[in-house]
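These notes concern the structure reproduced below.
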Amino acid sequence: MSEQPQQPPNQPPGYGYPNAGPYQQQPGYGYPQGGYPQGGYPPGPVPPGMYTGDPNAPYGYDPFGRPYSDKSKIVAGILQLFLGTFGVGRFYIGDVGIGLAQLFTCGGLGIWALIDGIILLTSNDKTDAQGRVLRG
């Protein structure tokens with residue numbers, strides 16, 4: 001015959017495993033009770049755009065592992081469309097040489113600035129002066 005363990009005197013009846021009710025968790029069932037490691041995130045790849053604590057990539061990494069820039073491709077494209085004859089979009093992302101060329105040629109008489117603005121808005125691999133991918 002099996003004997004049930006005695007209930008400790010300071011616990012109410014029905015509390016704990018031996019006399020657990022139908023809705024109380026039995027040992028070995030349910031979700032694991034571990035939690036995340038001390039760093040705060042589960043180990044493995046970090047989702048794109050999430051802060052990683054890496055000073056070289058303060059805005060995280062893209063799906064290909066390249067760091068994101070602090071500059072936005074949308075802002076660069078809009079600046080290039082409206083103020084591209086002065087090279088403002090290129091100055092914004094740090095391309096001073098191309099910005100000066102657009103400034104002195106009036107953005108290739110506006111054609112170069114228009115095409116450059118469209119390319120900045122639609123491309124997913126444009127980089128800033130440090131080689132980091134522009135955020136979308």
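Atom OG in Ser123 sits 10.5 Å away from atom CG in Asp116 (nearest 0.5 Å). Remark: Leu134 CG to Lys73 NZ distance equals 8.5 Å, nearest 0.5 Å. Atom CD in Gln80 sits 9.5 Å away from atom CD1 in Ile98 (nearest 0.5 Å). For the atom pair OG1 of Thr85 and CG of Leu114, the computed distance is 11.5 Å after rounding to the nearest 0.5 Å. Once rounded to the nearest 0.5 Å, the distance linking CG of Asp62 with CZ of Arg132 reads 13.0 Å.
In this structure, Arg135 is positioned above the aromatic face of Tyr59, its NZ or CZ under 6.0 Å from the six-membered ring centre and within 45° of the axis.
Within the 4.5 Å cutoff, side-chain heavy atoms of Trp112 are placed close to those of Gln102. Using a 4.5 Å heavy-atom cutoff, the side chains of Tyr92 and Lys71 are in contact. Contact annotation: the side chain of Val133 never approaches that of Asp125 to less than 4.5 Å [non-hydrogen atoms, C-beta and beyond]. The shortest side-chain heavy-atom distance between Phe91 and Leu100 falls under the 4.5 Å cut-off. Taking 4.5 Å as the limit, some side-chain heavy atom of Leu81 sits within range of a side-chain heavy atom of Leu121.
Criterion: ILVMFWY side-chain heavy atoms under 4.5 Å apart, direct or through other members. Under it, Ile119 and Leu109 are not part of a common hydrophobic cluster. In the hydrophobic cluster analysis, where Ile, Leu, Val, Met, Phe, Trp and Tyr join through side-chain heavy atoms closer than 4.5 angstrom, Val96 is grouped together with Leu79.
Between Asp128 and Asp70 the shortest heavy-atom distance is OD2-OD1, 4.2 Å. Between Tyr68 and Tyr61, the shortest heavy-atom contact is CE1-O, 3.4 Å.
Scored by the side-chain hydrogen bond (donor to acceptor under 3.5 Å, both in side chains) test, Thr105 finds no partners at all (sequence neighbours excluded).
The number of heavy-atom neighbours closer than 6.0 Å to CD1 of Ile111, taken from other residues, nucleotides and ligands shown, is 12 or below.
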